[in-house]
Amino acid sequence: MMTTDISSNDVPVGVPAAVEVSAARPKGVEVIRNALKTMPLSPGVYRMLGEKGDVLYVGKALALKKRVTSYTQVARLPERLRRMVSETASMEIVTTHTEAEALLLEANYIKRMKPRFNILLRDDKSYPWLMLTDGHPFPQVAKHRGKPVKGASLWGPFASAWAVNQTLNLLQRVFLLRSCTDAVFNSRTRPCLLYQIKRCSGPCVDRIDQPSYARLVEQAREFLSGKDMALREEMSNEMHKAAEALDFERAAMLRDRIRALAQMQESSVINPASLHDADVFGIWQEAGQACIQVFFIRGGRNNGNRSFFPAHTKDEEPGDVLSAFIAQFYDDKPCPAQVLVNHPLPEELLLSEALSLKRGRKVEILSPQRGEKKQVLDHAVANARDALHRKLAETAGQAKLLEGVATVFGLDAPPQRIEVYDNSHIMGSHAYGVMIVGGPEGFDRRAYRKFLIKGPVTPGDDFAMMREVLERRFGRALKEAAEGDLSNWPDVLLIDGGAGQYSAVRTVLDDLGVTGVKLVGIAKGPDRDAGREWFHTGDAEPFQLDPRDPVLYYLQRLRDEAHRFAITTHRAGRSKTLVTSELDDIPGVGPARKRMLLNVFGSARGVKQAGLSELESAPGINRETARAVYGHFHPDWTPN
């Protein structure tokens with residue numbers, strides 16, 4: 001692939017400076033016409049950029065020159081594309097070998113650059129997988145997120161942690177596989193609770209031999225690969241043989257395992273027999289918005305479902321939204337053999353070719369009209385419709401609340417971004433500041449931020465902590481505003497506190513030169529009674545709202561959410577320090593040598609109290625490491 005900047009910024013020599021600036025920055029149709037002079041007819045991806053280099057739009061084409069030429073006919077373009085063309089200051093292209101490659105590259109660019117004139121998949125969450133370790137004599141089954149682990153098999157993806165936990169629990173009930181880590185496995189001297197409740201076969205204490213455990217692992221692999229019917233028949237035969245041999249305890253155990261397997265196949269709609277590996281996409285549009293419900297079918301089982309609300313304009317057709325969504329959806333995920341959709345896609349064959357190219361095998365895109373597949377698709381559409389209705393209802397309610405906030409605090413318009421700040425610490429230790437964000441769509445958790453207080457701060461000085469948080473937050477926001485990016489600029493800043501906190505924060509904002517932000521302090525009432533809060537705004541006397549006012553409930557929720565986030569952030573940070581050791585800071589002492597030292601001396605304190613000769617004589621510890629450890633704990637010691 002080749003990247004080319006084909007914006008036209010050449011200026012003839014001798015042109016006056018004032019004219020030169022104007023000529024150097026053409027916009028709109030002129031930029032596109034200049035770009036067409038050198039644009040090839042080959043397949044590729046084009047990017048339209050704004051004056052500040054921001055990506056406005058990403059598109060793909062079989063013939064770049066023919067596709068981009070259409071943007072010069074402004075009268076035939078819809079209003080959205082007219083605005084896009086008028087803001088275009090330069091163009092870039094990337095040529096590819098085929099249109100399918102261009103489609104995959106376009107999806108990657110859109111997902112990464114988030115151009116505002118494209119249909120966007122708003123999905124920043126990783127998907128959980130089921131992992132079975134392969135390099136251990138007694139493999140572990142566990143939940144996994146992130147990059148694939150070397151020496152492990154993965155099944156998925158699952159739509160949520162709940163969905164993968166359901167399958168994990170089933171594997172423990174049916175196949176009795178261990179879920180503990182290798183460290184826990186190696187340290188066990190007696191069976192754990194999971195063994196007692198028949199959720200593990202107890203390999204850590206030799207309650208099962210390796211060949212028998214290996215057979216359980218093989219059965220689990222067959223189940224995850226969709227061979228559960230053959231597995232149930234095999235287990236049924238074993239149960240009858242055990243009963244005939246009067247081994248009723250084993251027969252009862254096999255019976256319970258068969259019942260657990262049967263529970264997964266009770267509903268033919270949720271677990272369709274005609275689908276083995278497929279993703280089901282059901283789209284529902286209403287009131288200018290769309291919801292896409294995705295069902296993950298793997299091995300003939302439903303791995304859960306998730307709702308998505310892609311960003312698009314009101315005039316986009318369902319097929320266009322669905323096609324753009326699917327291309328971006330599989331940018332960082334493996335494709336299944338089949339993709340089911342409830343609307344015909346405008347470039348279905350091209351999308352199928354692109355997904356097949358990414359998968360390395362054929363991918364079918366189907367729009368079933370009858371039968372079990374149609375029932376599954378209808379189920380997805382019904383879920384999409386219900387999810388969109390809930391979102392519209394919540395959005396309408398949220399809009400009324402924001403209108404109420406504007407009325408209460410005298411704003412010109414309902415706020416689009418409310419930021420709430422809080423601190424959490426224990427006598428100044430493990431101090432964190434947090435910011436949560438609320439807006440028209442409720443809590444925007446993607447915008448939440450954590451601030452590890454760097455200090456120096458006097459223990460318990462909440463004002464100094466808040467100052468540091470605000471300086472770091474608005475130091476960056478002011479730079480973005482200077483560059484013309486006001487997307488993260490708040491309308492309202494809500495703090496938990498009374499007149500003292502309000503005055504301190506007001507001083508910080510004034511020192512930073514922050515204007516145009518409504519600052520509000522919310523102080524608890526007498527006896528910290530919720531419902532009797534006082535509000536401080538600086539431009540009026542402190543006031544209270546009616547205890548039954550919905551706006552009061554909303555502001556309380558914002559404050560409580562900030563407090564919850566601060567507490568959980570503080571606890572997570574404190575927990576990390578509980579599992580650290582003084583040995584972690586010694587250069588040259590990695591996990592293996594740290595383990596050797598602890599095995600010999602029992603604890604970090606024992607290592608600290610050990611003499612140099614004792615360290616040098618410890619097995620597995622060379623002289624250089626021993627001297628580094630001793631010198632770390634005895635800074636005044638000078639090596640000979």
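No experiment lies behind these values; they were computed from the predicted model shown.
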Does the distance from a Lys or Arg side-chain N to an Asp or Glu carboxylate O, for [X] and [Y], drop under 4.0 Å?
X	Y	value
R80	E316	yes
E480	R476	yes
E561	R564	yes
D331	K358	no
R390	E394	no
D54	K52	no

**Request:** Measure the acute angle between the ring planes of Y57 and Y71, then classify it against the limits of 30° and 60° as parallel, tilted or perpendicular.
**Result:** perpendicular
**Message:** Rounded to the nearest 0.5 Å, what separates atom CZ in R298 from atom CZ in F296?
**Reply:** 7.0 Å
**Message:** Under a plain distance cut-off of 3.5 Å, with no hydrogens placed, do E286 and H389 share a side-chain donor-acceptor pair?
**Reply:**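 A donor-acceptor contact under 3.5 Å links the two side chains.
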Could [X] and [Y] be counted as a cation-pi pair, given that NZ or CZ must be under 6.0 Å from the ring centre and within 45° of the axis?
X	Y	value
K450	Y448	no
R306	Y127	yes
R47	Y109	yes

**Request:** Decide yes or no on side-chain contact (heavy atoms from CB on, under 4.5 Å) for D378 and K373, but give the supporting numbers first.
**Result:** CA-CA 9 Å; D378 290 343; K373 292 179 181 178; over 6 Å; no
**Prompt:** Looking only at atom types and distance, does a side-chain atom of E353 sit under 3.5 Å from a main-chain N or O of L349, one as donor and one as acceptor?
**Reply:**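 Pair absent, no side-chain N/O of E353 close to backbone of L349.
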**Prompt:** Looking at residues at least two apart in the chain, or sitting in another chain, which of them share a salt bridge (Lys or Arg N to Asp or Glu O under 4.0 Å) with E441?
**Reply:**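 E441 satisfies salt bridge (Lys or Arg N to Asp or Glu O under 4.0 Å) with K391 once adjacent residues are dropped.
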